[in-house]
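Following: one structure in structure tokens, then a few remarks.
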Amino acid sequence: MSSQKIRVRFAPSPTGPLHMGGVRTALFNYLFAKKHGGDFILRIEDTDTNRYVPGAEAYIIEALNWCGIKFDEGVGIGGAHEPYRQSERKPIYLKYAQQLIDSGNAYYAFDSAEELDALRKEKEAKGEAFIYNYESRNSLRNSLSLSAEDVEKLKSERNDWVIRFKIPENETVKMHDIIREDVVVNSNTLDDKVLWKKADELPTYHLANIVDDHLMEISHVIRGEEWLPSLPLHVLLYRAFGWQDTMPQFAHLSLLLKPDGKGKLSKRDGDKMGFPVFPLQWKSSEGEFSRGYREDGYFPEAFVNLLALLGWNPGTEQEKFTMDELIQLFDLKRVIKSGARFNPDKAKWFNQQYLKEKSNAELAQLYMPILTAQGVKTSQEYVGKVCGMIKERATFVSDFWNLSSYFFVAPTSYDEKVVQKYWKAETPAMLQNLVVQLKSVLPFEKEKTEHAVHEWIAASGLKMGEVMNTFRLCLVGASMGPSVFDIVEMIGVNEAIARIEHAAAHLKFN
RNA sequence: GGUCCAUUCGUCUAUCGGUUAGGACGUCAGAUUUUCAUUCUGAAAAGAGGAGUUCGAUUCUCCUAUGGACUACCA
């Protein structure tokens with residue numbers, strides 16, 4: 001292997017939002033490139049005009065940006081191998097297909113889609129599979145079976161012919177995959193794939209992909225396992241073009257599987273089990289909605305971290321990584337061969353870990369809009385303090401309101417279970433006394449007041465748990481949150497007293 | 001059906017032939033906490049099955065089973 005520059009590409013098709021498995025593929029490409037000081041290229045494979053979805057390309061770019069996966073070349077930023085959209089490279093491909101025909105590695109085929117479909121059905125009915133290959137190609141309508149005149153005639157008369165690759169007969173194709181090592185397959189099991197179509201003057205994936213990877217000097221192809229069955233075709237194509245010396249090395253990543261049951265992760269699973277399968281939310285033109293990690297409150301660092309560990313690990317017990325650490329540690333040889341079942345619980349755990357580490361100021365900034373939406377007017381500084389008190393109880397910033405509304409507004413209801421447990425006939429009187437105690441040590445000072453209240457509890461023979469939990473119920477409306485005196489300090493002793501009196505007036509013992 | 005890939009606790013995974021098979025998520029139990037959560041401690045929990053190679057296999061080979069991907073003029 002020559003010491004050529006590492007160049008990898010992520011080449012999605014703009015047929016919809018980018019799946020999290022796709023993001024992982026992009027991530028692994030990026031990590032590999034950066035680890036070796038190479039380039040990461042974004043190429044858009046939009047050769048299927050029928051499946052083109054407006055907005056999908058912008059989505060892909062935005063998703064990668066959000067994840068911090070930066071590309072060096074490609075759609076949107078250009079580079080030395082422009083253009084990077086295959087639809088814009090349309091004029092390039094035919095001559096390569098032609099080159100294959102000239103060298104006897106490809107041929108024209110005139111079978112209509114309907115004819116082939118019928119053939120397929122016919123075979124299927126007999127429990128067999130129809131393959132366009134060495135066995136059948138001579139009895140089909142193509143430049144191998146037809147006379148030169150007929151071929152010319154059909155070529156000019158019709159506009160639905162295609163160019164097919166001529167798979168060599170009975171040959172053992174040896175391939176190497178960085179992750180899976182050696183893979184061997186007999187060429188007789190392969191079919192003569194369509195390389196180029198007259199109908200839209202466009203290549204299919206296989207031709208465009210190989211030509212572009214070659215032209216763009218791609219050194220390593222890191223892609224999903226669904227492409228492994230196409231590897232022999234691709235290797236044969238490189239050989240037919242005479243490019244075997246610069247053929248990239250391949251690495252096929254295992255798939256992301258459903259959290260339960262069978263099959264690969266799909267949008268449905270997310271809807272069913274309540275987690276996103278897309279990095280960003282997506283609304284299709286038909287009005288179909290898919291939630292996204294970003295909108296669900298995941299931090300991009302957490303998302304990247306969890307994705308990196310799905311199918312890869314550095315062999316140590318470290319689980320939290322920054323992007324830089326991932327780049328340092330990443331190694332294709334340590335990518336897991338088998339499919340990884342996605343675990344939404346662990347995804348949440350990752351987010352929680354990152355949330356805990358955020359500064360109060362940063363969290364306050366994220367929380368502010370939610371507070372505004374709740375009609376709360378307050379200062380960034382106050383919100384920062386609140387965040388400091390509740391962040392260990394949260395997984396997402398969106399949990400904050402439920403965990404801390406009482407810092408901003410008085411409770412409007414009281415947790416039934418807590419009321420049942422602590423609200424006794426004598427509670428109102430006890431609370432009256434508590435208010436007296438609170439007032440006796442004004443101005444409020446946390447330690448002093450706490451001390452005074454504790455002394456009073458001891459002196460009057462009350463139970464600490466009963467008083468404090470009732471106190472908390474008045475302030476919070478539920479049995480949760482930080483220390484009662486921290487809460488009082490935040491909301492102010494006057495507000496605390498008001499809440500006690502409100503509760504005493506509204507709650508009844510029964 | 002055919003081709004290819006895969007197979008360690010429920011899940012993600014460690015193990016370069018010799019380990020009490022380790023860690024994490026989740027679960028359960030304790031401790032801490034006036035509450036909730038955090039944190040800490042602990043527990044239960046795995047080599048798909050069968051042959052072989054070897055003094056010794058989770059690790060190497062083969063078979064079977066199971067799972068997955070692909071099988072388009074889609075990518």
Side-chain angles (χ1 to χ4, degrees), chain A residues 11-15 45-48 50-51 109 111-113 116-117 120 123-124 126-132 160-164 175 177 179-180 183-186 188-191 193-200 202-206 208-209 224-232 252 254-255 257 259-260 262-264 306 309-320 336-350 352 356 390-394 403 415 418 421-422 453-454 457 463-473 476 478-485:
Chain A
S13 222
T15 54
E45 309 219 326
D46 53 352
T47 50
D48 186 358
N50 295 324
R51 291 210 309 156
D111 319 276
S112 70
L116 293 175
D117 235 32
R120 233 168 245 125
K123 281 277 191 180
E124 203 177 310
K126 285 189 276 183
E128 293 167 38
F130 168 73
I131 310 181
Y132 206 122
D160 64 342
W161 50 267
V162 299
I163 296 175
R164 284 183 184 269
M175 299 154 283
D177 180 282
I179 297 167
R180 286 153 215 285
V183 180
V184 175
V185 70
N186 186 287
N188 284 357
T189 65
L190 273 25
D191 61 343
K193 277 279 180 298
V194 171
L195 260 21
W196 195 87
K197 329 177 275 273
K198 174 65 181 170
D200 52 12
L202 243 23
T204 62
Y205 169 83
H206 303 288
N209 190 265
E225 193 184 17
E226 67 268 27
W227 293 111
L228 197 51
S230 304
L231 219 210
H252 290 87
S254 61
L255 269 12
L257 272 19
D260 65 340
K262 299 163 181 179
K264 61 177 174 181
L306 76 90
L309 249 33
L310 239 31
W312 172 85
N313 74 82
T316 63
E317 282 174 3
Q318 183 179 353
E319 292 220 87
K320 277 193 67 207
I336 314 297
K337 293 187 179 79
S338 52
R341 194 159 283 163
F342 176 66
N343 182 190
D345 280 332
K346 190 134 187 186
K348 285 185 182 165
W349 177 79
F350 272 113
Q352 189 190 118
K356 274 198 314 204
I390 57 149
K391 65 182 175 187
E392 298 215 323
R393 297 165 164 77
L403 292 169
D415 187 318
V418 186
K421 188 168 178 191
Y422 293 108
V453 170
H454 284 179
I457 291 170
K463 281 190 188 135
M464 180 77 112
E466 299 217 351
V467 177
M468 296 310 291
N469 282 306
T470 313
F471 193 177
R472 176 181 297 280
L473 178 68
V476 177
S479 177
M480 63 174 201
S483 156
V484 164
F485 292 97

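Chain identifiers are assigned alphabetically (A, B, ...) following the order of the sequence lines, protein sequences preceding nucleic acid strands; residue numbering begins at 1 within each chain. FYI, side chains are in, hydrogens and waters are out, and symmetry mates aren't considered; it's all heavy atoms of this structure.
Across all strands shown, A:Trp161 has no heavy atoms under 4.0 Å from either base or sugar-phosphate atoms. Counting any heavy atom pair closer than 4.0 Å across all strands shown, A:Lys348 reaches no nucleic acid atom. Among the protein residues, A:Ser483 comes within range of the nucleic acid bases, having at least one heavy atom under 4.0 Å from a base atom. Within 4.0 Å of A:Lys264, counting heavy atoms only, lie sugar-phosphate atoms of the nucleic acid but no base atom. A:Pro482 comes within 4.0 angstrom of a nucleotide base, judged by non-hydrogen atoms across all strands. In this structure, A:Gly311 reaches the sugar-phosphate backbone alone: every heavy-atom distance under 4.0 Å involves primed, P, OP1 or OP2 atoms, never a base. Note on A:Asp160: a base of the nucleic acid sits closer than 4.0 angstrom, heavy atoms only.
Taking a pair to require two hydrogen-bonding distances under 3.5 Å in either a Watson-Crick or a G-U wobble arrangement, B:C70 pairs with B:G2. In this structure B:U54 sits in no base pair that meets the Watson-Crick or G-U test at under 3.5 Å. In this entry B:A44 has no Watson-Crick or G-U wobble partner, no candidate having both defining distances under 3.5 Å. B:A65: Watson-Crick or G-U partner is B:U7, with both key distances under 3.5 Å.
Taking atom C1' in both B:U58 and B:G26, one finds a spacing of 24 Å when rounded to whole Å. Distance noted for atom P between B:U64 and B:C5: 15 Å (whole Å). A gap of 14 Å separates the P atoms of B:U8 and B:G68, to the nearest Å. Taking atom P in both B:A6 and B:U13, one finds a spacing of 15 Å when rounded to whole Å. Taking the P atom of each, B:U41 and B:C4 are spaced 50 Å apart, rounded to whole Å. Spacing of C1' atoms, B:A14 relative to B:A46, comes out at 13 Å, to the nearest Å. The separation of B:G10 from B:A45, taken at their P atoms, amounts to 10 Å, rounded to a whole angstrom. B:C12 and B:U27: their C1' atoms are spaced 16 Å apart (whole Å).
Between A:Val194 and A:Glu466, the residue anchored nearer the 5' end of RNA chain B, judged by the nucleotide with its closest heavy atom, is A:Glu466. Both A:Ala340 and A:Thr47 lie close to RNA chain B; mapped to their nearest nucleotides by heavy-atom distance, the more 5′-ward contact belongs to A:Ala340.
We find that OH of A:Tyr132 is positioned 18 Å from P of B:U71, with the value rounded to whole Å. In this structure, CZ of A:Arg341 is placed 11 Å from P of B:C9, rounded to the nearest angstrom. The CH2-C1' distance, from A:Trp349 to B:U13, rounds to 13 Å in whole Å. Protein atom OH of A:Tyr205 is 13 Å distant from nucleotide atom C1' of B:C70, rounded to whole Å. Straight-line distance from the CG atom of A:Asn313 to the P atom of B:C12: 13 Å, rounded to whole Å. Rounded to whole Å, atom P of B:A72 lies 16 Å from atom CD of A:Glu226. Nucleotide B:C12 holds its P atom 14 Å from the CG atom of A:Leu255, rounded to whole Å. Per the geometry, CE belonging to A:Met464 stands 12 Å off C1' belonging to B:U33, to the nearest Å.
The backbone N or O of A:Thr204 sits nowhere less than 3.5 Å from a side-chain atom of A:Thr47 that would complete a donor-acceptor pair.
For a distance-only test at 3.5 Å, the side chain of A:Lys346 qualifies as a donor-acceptor partner of the base of B:A24. On a pure distance criterion of 3.5 Å, a polar donor-acceptor pair joins the side chain of A:Arg393 and the base of B:C36.
For the residue pair A:Leu255 and A:Glu226, the shortest heavy atom distance occurs at CD1-OE1, 3.3 Å. The shortest heavy-atom contact between A:Ile336 and A:Asn313 is CD1-ND2, 4.0 Å.
Electrostatic pairing of A:Lys346 and A:Glu319 counts as a salt bridge here, judged by a charged N lying under 4.0 Å from a carboxylate O. Classification of A:Asp345 and A:Lys348 as a salt-bridged pair fails, no side-chain N sitting under 4.0 Å from a carboxylate O.
In A:Glu124, the CD atom is not crowded: 12 or fewer heavy atoms of neighbouring residues, nucleotides or ligands sit closer than 6.0 Å.
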Do nucleotides 1-7 of chain B as a string where each nucleotide becomes B, S or -: B if the base has a protein heavy atom under 4.0 Å, S if just the sugar-phosphate does, - if no protein is that close.
B-SSSSS

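Atom CG of A:Leu403 is separated from atom CE of A:Met480 by 6.0 Å, given to the nearest 0.5 angstrom.
At B:A37, none of the side-chain N or O atoms of A:Lys356 fall inside 4.0 Å of OP1 or OP2 (strictly under the cut-off). For the pair A:Arg164 and B:C73, the criterion of a side-chain N or O lying under 4.0 Å from OP1 or OP2 is met. Of the side-chain N and O atoms in A:Lys123, none sit less than 4.0 angstrom from OP1 or OP2 of B:U71. Put simply, A:Arg120 has a side-chain N or O that comes within less than 4.0 Å of OP1 or OP2 on B:C73.
For A:Glu392, taking side-chain heavy atoms from C-beta onward, the closest of the listed nucleotides B:A24, B:G22, B:U38 is B:U38.
With contacts defined as side-chain heavy-atom distances shorter than 4.5 Å, the pair A:Leu231/A:His252 qualifies. Side-chain contact between A:Met468 and A:Phe485 is present, with heavy atoms from C-beta onward closer than 4.5 Å.
In this pair, A:Tyr205 and A:Trp227 present their aromatic rings parallel. The plane angle is below 30°, not in the 30 to 60° band.
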